[in-house]
Number of protein chains: 2
Amino acid sequence: MEPVRRQQLIEATLQSVAELGLQATTINSISKKAGMSSGIISHYFGGKQGLIEATVRYLLSSLQRSLLHKTAQGCSPEQRLMFIVEANFAVVQQQSDTTRTWLSFWAHSMHDAQLHRLQRVNARRLYSNLLYSFKQLMAQGEAREAAELSAAMIDGLWLRAVLSKADDAQFDSAQDLAKRYIQSLIQQFGV
Amino acid sequence: MEPVRRQQLIEATLQSVAELGLQATTINSISKKAGMSSGIISHYFGGKQGLIEATVRYLLSSLQRSLLHKTAQGCSPEQRLMFIVEANFAVVQQQSDTTRTWLSFWAHSMHDAQLHRLQRVNARRLYSNLLYSFKQLMAQGEAREAAELSAAMIDGLWLRAVLSKADDAQFDSAQDLAKRYIQSLIQQFGV
DNA sequence: TTTTATTAATTGACCGTTCAATAAAAATAA
DNA sequence: TTATTTTTATTGAACGGTCAATTAATAAAA
């Protein structure tokens with residue numbers, strides 16, 4: 001029963017944060033959405049904080065899993081870079097907007113040590129995923145700069161799309177810009 | 001007395017949000033920092049919400065004012081673009097980090113209509129400030145794309161620096177990357 | 001005195017957590 | 001099989017604390 005309930009509560013949390021924001025998300029708003037009692041949260045997660053943290057961990061591993069799945073049967077470095085962009089933008093894919101949920105969590109990470117650790121993992125992972133492929137296309141020094149710039153461009157396009165409450169078409173357009181930017185980096189620095 | 005008190009309360013709000021986050025900022029934490037009673041907030045701002053909104057407005061106008069000041073006695077399009085970057089990164093300037101304060105506000109804007117309007121103003125202003133200078137250096141179509149990409153790059157570098165709790169040196173390094181990126185855009189698209 | 005500025009105590013709503021009670025399921029004994 | 005006990009899963013009311021907002025009282029200035 002435990003793994004089922006944990007998953008249900010995590011999904012209810014995602015829904016509640018997407019809808020109300022982290023600020024207005026309470027154990028009541030979550031448990032009501034999950035169709036359970038409020039006490040169950042403390043029972044399975046030790047408290048609200050534990051559930052929030054588990055939810056972020058779930059998002060993180062989803063992102064990672066989606067990238068691994070796309071690159072499972074090998075691909076070229078260029079293609080892998082495009083997959084990284086897709087994975088990072090496709091956080092939207094699932095029902096409702098998980099995007100604003102990420103933003104809530106990252107903003108909160110500035111004042112929460114545990115969440116900040118998770119944020120750091122996420123930022124470094126994007127960078128090293130990019131670096132790995134760039135290194136196969138250019139010298140190490142250029143690859144590092146390309147990875148840093150690409151990471152910033154992806155996050156920046158994503159952030160501006162989220163904040164302006166962009167629709168799917170606008171998200172796709174931002175994703176295209178990110179891809180074209182990476183291709184221009186390859187052309188500029190590639191051997 | 002009113003304008004003095006309003007300014008004091010706005011600055012106390014900035015301090016409190018930078019220190020505790022928007023989530024944990026209460027009318028008590030603000031009024032204590034300002035050395036006043038909690039009731040004064042309702043008196044001058046109608047309530048907590050009004051004070052938060054006034055604080056964001058103050059940040060927005062500070063940003064705009066700082067750019068206007070730098071470009072007061074005319075400058076070349078390239079130089080103006082560099083000034084835009086500086087203005088957007090120098091939100092740090094004042095004591096303590098105002099940066100995480102911005103992040104708190106923008107995250108909250110996803111669930112607050114009034115704040116969302118202010119965010120939209122800010123995003124568009126950065127874009128059109130950039131566009132104005134790019135148009136003097138390249139064709140309109142290229143200028144539009146350059147402005148969009150630059151805005152995303154600035155925001156992305158800024159976001160990653162804030163989230164990783166970068167120190168002043170790392171912030172400067174991010175700022176340099178942004179400037180160099182804009183220069184590369186000019187070289188690429190410039191007539 | 002009248003007006004303005006400010007305080008500090010109070011109010012009612014809501015927060016997260018705890019916990020005794022209960023329902024359902026599983027195990028054991030008859 | 002049936003009856004009984006034990007374990008597991010879940011509830012929801014109660015508690016202590018904190019929030020934003022209000023308000024009557026007070027101090028200072030005009």
Side-chain angles (χ1 to χ4, degrees), chain A residues 1-58 101 104-105 107-115, chain B residues 1-58 101 104-105 107-115:
Chain A
M1 200 77 307
E2 180 170 332
V4 177
R5 291 281 175 268
R6 287 180 68 98
Q7 188 57 31
Q8 289 173 328
L9 286 169
I10 283 174
E11 258 151 43
T13 305
L14 285 174
Q15 264 188 267
S16 175
V17 176
E19 203 171 295
L20 309 170
L22 189 54
Q23 180 135 236
T25 287
T26 68
I27 58 169
N28 261 321
S29 74
I30 297 171
S31 56
K32 183 171 276 185
K33 230 173 247 300
M36 298 177 222
S37 148
S38 67
I40 203 96
I41 289 174
S42 291
H43 182 252
Y44 281 122
F45 291 95
K48 187 193 182 185
Q49 180 67 15
L51 174 53
I52 297 295
E53 203 186 301
T55 304
V56 174
R57 267 186 224 281
Y58 171 75
T101 308
S104 276
F105 287 142
H108 198 57
S109 80
M110 298 268 68
H111 309 278
D112 179 315
Q114 204 64 253
L115 245 48
Chain B
M1 199 78 303
E2 180 170 332
V4 177
R5 291 282 174 266
R6 287 180 68 98
Q7 188 58 30
Q8 287 173 329
L9 286 169
I10 284 175
E11 258 150 43
T13 305
L14 285 174
Q15 265 189 266
S16 174
V17 176
E19 204 172 295
L20 309 169
L22 188 56
Q23 180 133 236
T25 288
T26 68
I27 57 170
N28 260 319
S29 74
I30 297 171
S31 57
K32 183 171 278 183
K33 231 174 248 301
M36 300 178 221
S37 147
S38 68
I40 203 96
I41 289 174
S42 291
H43 182 252
Y44 280 122
F45 292 95
K48 187 192 183 186
Q49 180 68 17
L51 174 52
I52 297 294
E53 204 186 300
T55 304
V56 175
R57 266 186 226 280
Y58 171 74
T101 307
S104 275
F105 287 141
H108 198 58
S109 79
M110 298 267 67
H111 308 278
D112 180 315
Q114 204 64 253
L115 246 47

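Numbered from 1 within each chain, the chains take letters A, B, ... in sequence-line order.
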**Fill in**
Rounded to the nearest 0.5 Å, the OG1 atom of B/T13 sits from the CD1 atom of B/I30 at a distance of 4.0 Å
**Prompt:** CD/A/Q8 to CZ/A/R5 distance, rounded to the nearest 0.5 angstrom?
**Reply:** 5.0 Å
**Prompt:** Of all residues at least two apart in sequence or in a different chain, which pass the side chain to side chain contact (heavy atoms under 4.5 Å, CB included) check with A/S104?
**Reply:** A/V17, A/L22, B/H111
Could you go through residues 35-43 of chain A and list every donor-acceptor pair under 3.5 Å that involves a side-chain atom there, pairing it with any protein atom two or more places apart or in another chain?
unit_1	atom_1	unit_2	atom_2	d
A/S37	OG	A/G39	N	3.0

**Message:** Give me each pair satisfying side-chain hydrogen bond (donor to acceptor under 3.5 Å, both in side chains) with a member in residues 26-35 of chain A, each pair once, sequence neighbours excluded.
**Reply:** A/S16-A/S29, A/E19-A/K33
**Message:** Between P on D/dT10 and CZ on A/R6, what's the gap in Å once rounded to a whole number?
**Reply:** 13 Å
**Complete:** The side-chain hydrogen bond (donor to acceptor under 3.5 Å, both in side chains) partners of A/R6 (sequence neighbours excluded) come to none
**Request:** Please examine the side chains of B/Q15 and B/E11, heavy atoms only from C-beta on, and report whether any two atoms are closer than 4.5 Å.
**Result:** no
Residues 45-57 of chain A, side-chain donor-acceptor partners within the protein, below 3.5 Å, at least two apart:
unit_1	atom_1	unit_2	atom_2	d
A/K48	NZ	A/T25	O	2.9
A/Q49	NE2	A/D112	OD2	2.7
A/E53	OE2	A/R57	NH2	2.7
A/T55	OG1	A/L51	O	2.7

**Item:** Boundaries of the DNA chain C segment in contact with chain A, non-hydrogen, under 4.0 Å
**Value:** C/dC15 to C/dT18
Mind listing the N/O atom pairs, protein and nucleotides 17-20 of chain D, below 3.5 Å?
unit_1	atom_1	unit_2	atom_2	d
D/dA20	OP1	B/K48	NZ	2.8
D/dA20	OP2	B/I27	N	2.9

**Asked** Which residues, if any, of residues 37-45 of chain A bring a heavy atom under 4.0 Å of DNA chain C?
**Response** A/S42
**Item:** Any strand: nucleotide that pairs with D/dA30 via Watson-Crick or wobble, under 3.5 Å
**Value:** C/dT1
